[in-house]
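Below you'll find the structure, written out as structure tokens, and then a few comments.
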Amino acid sequence: MKKFLTSLAVIGTCFLLSACGGKTAEDKLAAIKESGELKVGTSAEFAPFEFHTLVNGKDKIVGADMDLAQAIADKLGVKLKIEDMEFNAVLATLKEGKVDLGIAGISATPERQKSFDFSVNYYNPPQKVVINKKDAAKYNSIKSLKGKKIGAQKGSIQEDIVKNQLADPQIVSVAKVPSLILEVKQGSIDALVVEETVGASYIAQNPELQFADIDLKSSEDEAYAIAMQKDSDSLKKEMDKIIKELIDSGEIEKYVKENTALANKSTKE
Ligand code: ARG
């Protein structure tokens, strides 16, 4: 009987503290600090935000988002662990709690807001169409791309942009942005939709490509933010504070500039 009462008391306390059966999202920040490690999910095929490069002959994941992740880890006083995966898997992996944050140029759309918490926005590039230079006169309007094969990254908002803003497109969804770039160059697709900063980085590395003279609608809803599990109140507060500081000090702009230069250099060496 005594044992039974004790377990009742334990269960009762658990309810009060709502702390049993795993960490609640509420104390996620404390849990990260306690573990000494910040696990960040990304998809490193998206220069200048996250990409692979050789540092002293060794493969390394770098980019503006990775500088941001490192700054956050430093401020929290923990080690940074980067988990690289297909973009399509980043939010699912975060949902399962296998990473603490998703930092991958993730657009904080209203749809995604339903399932995740997002920090304040840290970057907002417009949407662009990338084509071969030799097609520049041919593909210069939405109408001129009617019925064409248009690429977008699998699981990205660009899939919706292709479907909603282009005329009768044959959408081609591909896991990685560099593969899409290659497909445009080879002519297996006619164009691809990507955010400007990223498109510009790959165009700089592939001089036969350029932006088409076509205006797509962009919105504040597509700005990049850090994704967290739902109800990460204390963690979100901390992320917002850090991001605001990094924006105000010009640090985020600096990360993007430096990594754009690094991305250009990496492939030319
Ligand atoms: N901003 C777009 C989205 O959230 C594309 C992001 C792709 N990111 C990446 N690391 N490949 O859907």
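Order of listing sets the numbers, starting from 1, for every ligand and every atom in it. Position 1 is the first residue of the sequence, and the numbers go up from there.
- Applying the 4.0 Å criterion to heavy atoms of Glu45 picks out, from ligand 1, the atoms 9 (C), 10 (N), 11 (N).
- Proximity of a side-chain donor or acceptor of Glu37 to a complementary backbone N or O of Lys79 within less than 3.5 Å is not detected.
- Residue Ile171 is not grouped with residue Ile181 when hydrophobic side chains (ILVMFWY) are merged at heavy-atom distances under 4.5 angstrom, including chains of intermediate members.
- Residue, atom and distance of the protein heavy atom nearest to atom 10 (N) of ligand 1 are Glu50 OE2, 2.9 Å.
- Between the side chains of Ser188 and Glu183, at least one donor N or O sits under 3.5 Å from an acceptor N or O.
- A side-chain N or O of Glu195 and one of Tyr224 form a donor-acceptor pair less than 3.5 Å apart.
- Regarding atom 7 (C) of ligand 1, its nearest protein heavy-atom neighbour is Gln153 OE1, 3.2 Å.
- Taken from CD1 in Ile72 to CD in Glu238, the straight-line distance is 9.5 Å, to the nearest 0.5 Å.
- Atom 8 (N) of ligand 1 has Ala104 O, 2.8 Å as its closest protein atom, hydrogens excluded (heavy atom only).
- Ligand-side atoms of ligand 1 in range of Ile106: 4 (O), range being under 4.0 angstrom from any heavy atom.
- Heavy-atom proximity to Ser156, at under 4.0 Å, picks out these atoms of ligand 1: 5 (C), 12 (O).
- With Gly105, Gly155, Ala108 as candidates, the residue nearest to atom 6 (C) of ligand 1 on a non-hydrogen basis is Gly105.
- Applying the ring pair (Phe, Tyr, Trp, His ring centres under 6.0 Å) test to Tyr255 and every residue at least two apart in sequence or in another chain returns nothing.
- Gln127 and Gln165 form no side-chain donor-acceptor contact under 3.5 Å, judged by distance and modelled atom types alone.
- Closest to atom 12 (O) of ligand 1 among all protein heavy atoms lies Ile157 N, 2.8 Å.
- Heavy atoms of Glu195 found under 4.0 angstrom from ligand 1 belong exclusively to the side chain.
- Between Ser43 and ligand 1, a contact under 3.5 Å exists for at least one N or O pair.
- Within the 4.0 Å heavy-atom criterion, the part of Gln158 lying near ligand 1 is the side chain and not the backbone.
- The neighbour count for Asp213 CG, taken as heavy atoms of other residues, nucleotides or ligands under 6.0 Å away, does not exceed 12.
- When the options Lys176, Arg112, Glu222 are ranked by their closest heavy atom to atom 4 (O) of ligand 1, first place goes to Arg112.
- By the ring pair (Phe, Tyr, Trp, His ring centres under 6.0 Å) test, Phe116 is found to be paired with no residue, residues two or more places apart in sequence or in another chain being considered.
- At a heavy-atom cutoff of 4.0 Å, ligand 1 is contacted by the side chain of Tyr224 but not by its backbone.
- Residues Val90 and Gly102 come closest through the heavy atom pair CG1-CA, 4.1 Å.
- Heavy-atom separations between Val177 and ligand 1 are all 4.0 Å or longer.
- At a heavy-atom cutoff of 4.0 Å, ligand 1 is contacted by no atom of Gln127, backbone or side chain.
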